[in-house]
Amino acid sequence: MPVQSFGMGIGGNPNLSRQSRRLYIGSITQEVNEQNLADFFNAKMAEMNIGTGITGNPVLAVQCNYEKNYAFVEFRSAEDATAAMAFDGIIFINGPLKIRRPKDYGGDTIVSPGVHVPGVVSTNVPDSINKVFVGGLPTYLNEEQVMELLKSFGELKAFNLVRENGTGTSKGFAFFEYVDQAVTDVAIQSLNGMELGDRYLVVQRASVGAKPGTPGMIPNLPYDQFPEIPRPIMPAGKDQTSSESRILLMLNMVTPEDLHEDDEYGDLYDDVKAECSKYGELEDLRIPRPVKKDKTSSMSAQDAQRIDEAAGVGRVYVKYTNSKSASAALNALAGRSFAGRSIIATLLSDDSQTTPPLNLIFAPQPEAPPPLPTS
């Protein structure tokens, strides 16, 4: 398996040409098959007149994996594959298609097709100054309900409600972008601090490159309503941290699936350590691992998930020797894209009240990355 580097670089990949012509299609159902998916792309690309425009069908082959609910679509050219990414989020057989580059794609990080298909809301929100974060969402709200609220200010170009892997439960935050960039500030000003149920919304520009002083960076909102994101995401060059905040917490960066295999975990650990060390001396780095279930274990998937959540699985904790280094790392890494996900970053002090507690996260351990725990 190619090793995904921190900066979205690619490990050894002998077939970059083919990968540039392939797209990953996620969340497919049993009703989707090779033929109807190929026919759908061929028809839609002809209808919208996008791609190379060469005579013949742009799709060469489709491969479906029903066990993991995804498919790969191979196009005749890299240009056709890039153009087809404009259909990310389009409805096909009662659900939106999630379209991404393959993990071992060797081209530009995420190439925008430069085409917006009217009525289609992409599930991929690219990093830009117009990317907006909304937190504090009641977890019972689904995509349609959240989008309905956001659409009251303008047509959405892209939207992604972040969910737990495995259970699909909403994490209570999302990213979005409007078609008309001019409505972004109006939406931020109107939605930020809005009471929704028993919570308050935090709405702000999410990506590196957001201008200091832009709407949404209001420091007095009740951020304690959302323990998973205790402070706002910091834009580049903006330092609002206390002198004691030397722990960098990163969310939405790794998934439990990334942490099961020892070799893959070791590579990821070294990669994160090398990147974070660029901003100052590290005192400690912890990337909690999921419980390993063997075939004889009686533990249910739900119990294992509860244990993983209590252990902080899915989070990356970086403790620096001083707050200046932690602040520099926050400004550099918040909003950065990693494996197709935007990193959410915040700073904590040693006595911050978190779940799980920081004294458990940073409990003494051997210097080497810890072995995978067993149930």
Side-chain angles (χ1 to χ4, degrees), residues 135-136 164-165 169 171-173 202 222-234 239-256 258-260 262 265-266 268-293 299 302-334 338 343-375:
E164 297 281 0
N165 286 295
T169 305
K171 288 188 175 183
F173 61 90
V202 172
Y223 294 113
D224 57 336
Q225 295 284 334
F226 341 108
E228 191 159 14
I229 306 173
R231 297 188 188 178
I233 304 167
M234 301 293 290
D239 188 356
Q240 300 179 349
T241 64
S242 75
S243 59
E244 299 178 352
S245 302
R246 65 188 185 110
I247 299 172
L248 176 68
L249 168 62
M250 290 183 283
L251 311 173
N252 201 42
M253 180 183 177
V254 299
T255 66
D258 300 329
L259 309 173
H260 282 293
D262 290 343
Y265 176 84
L268 177 66
Y269 185 96
D270 291 341
D271 214 6
V272 174
K273 183 176 182 180
E275 180 67 24
C276 291
S277 296
K278 295 178 181 178
Y279 309 103
E281 183 180 354
L282 303 187
E283 181 177 309
D284 206 344
L285 166 65
R286 300 296 172 98
I287 308 176
R289 302 188 71 181
V291 169
K292 183 178 181 180
K293 288 186 62 180
M299 181 183 299
Q302 188 174 12
D303 288 340
Q305 182 185 353
R306 280 199 293 264
I307 293 173
D308 290 346
E309 289 176 352
V313 174
R315 300 182 175 196
V316 175
Y317 298 82
V318 186
K319 183 185 287 189
Y320 285 89
T321 57
N322 59 76
S323 59
K324 184 178 180 181
S325 297
S327 179
L330 174 73
N331 291 331
L333 302 176
F338 177 67
I343 298 172
I344 298 170
T346 189
L347 290 183
L348 305 172
S349 62
D350 289 69
D351 57 358
S352 290
Q353 301 300 310
T354 65
T355 303
L358 292 176
N359 65 322
L360 295 182
I361 291 296
F362 291 106
Q365 67 172 29
E367 290 186 5
L372 196 65
T374 58
S375 53

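We use all heavy atoms of the structure for the numbers below, so side chains are in, but hydrogens, waters and symmetry mates are not.
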Undergrad: On a heavy-atom basis, which atom in Pro288 and which in Gly312 lie closest, and how many Å separate them?
TA: CG-O, 3.5 Å
Undergrad: Shortest non-hydrogen contact from Pro256 to Pro290?
TA: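 So the minimum-distance heavy-atom pair works out to O-CG, 3.8 Å.
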Undergrad: Please give me the minimum heavy-atom distance between Ala326 and Ser245, naming the atom from each residue.
TA: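 Where Ala326 meets Ser245 most closely, the heavy atoms are CB-O, 3.8 Å.
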Undergrad: Only one of Ile287, Asp270, Asp258 forms a side chain to side chain contact (heavy atoms under 4.5 Å, CB included) with Tyr265, so which one is it?
TA: Ile287
Undergrad: Would you give the length of the straight line joining atom CG of Leu358 to atom CG of Leu249, rounded to the nearest 0.5 angstrom?
TA: 8.5 Å
Undergrad: With the side chain counted from C-beta on, respond yes when Ile247 and Ile361 share a heavy-atom pair under 4.5 Å apart, and no when they do not.
TA: no
Undergrad: Looking at Arg289 and His260, would you say the former's side chain and the latter's main chain have a donor-acceptor pair under 3.5 Å?
TA: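 Between the backbone of His260 and the side chain of Arg289 there is a qualifying donor-acceptor contact (under 3.5 Å).
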Undergrad: CZ of Arg286 to NZ of Lys319: how many Å apart, nearest 0.5 Å?
TA: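 It is 8.0 Å, given to the nearest 0.5 Å.
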Undergrad: Run the side-chain contact (heavy atoms from CB on, under 4.5 Å) test on Leu248 and Leu333 for me, step by step, so that the C-alpha distance in whole Å, both residues' side-chain angles and the decisive distance to 0.1 Å come before the verdict.
TA: CA-CA 10 Å; Leu248 176 68; Leu333 302 176; 4.1 Å; yes
Undergrad: To the nearest 0.5 Å, how far apart are CG in Leu330 and OG in Ser323?
TA: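 The distance works out to 11.5 Å.
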Undergrad: Between Tyr279 and Asn331, is any pair of side-chain heavy atoms under 4.5 Å apart?
TA: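 Of all side-chain heavy-atom pairs linking Asn331 with Tyr279, none is under 4.5 Å.
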Undergrad: If the threshold is 4.0 Å, N to carboxylate O, is there a salt bridge linking Asp284 and Arg246?
TA: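 Looking at Arg246 together with Asp284, the answer is no, because their closest N to O distance does not fall below 4.0 Å.
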Undergrad: Please report the shortest heavy-atom distance between Ser277 and Leu282, naming the atom on each side.
TA: OG-CD1, 3.5 Å
Undergrad: State, to 0.1 Å, how close Phe173 and Gly135 come at their nearest heavy-atom pair, and which atoms those are.
TA: CB-CA, 3.9 Å
Undergrad: Do the side chains of Ser327 and Tyr320 get nearer than 4.5 Å, heavy atoms only?
TA: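 No, every pair of side-chain atoms sits at 4.5 Å or beyond.
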Undergrad: Please report the interatomic distance CG(Asp271) to SG(Cys276), rounded to the nearest 0.5 Å.
TA: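 Asp271 CG to Cys276 SG: 9.5 Å, rounded to 0.5 Å.
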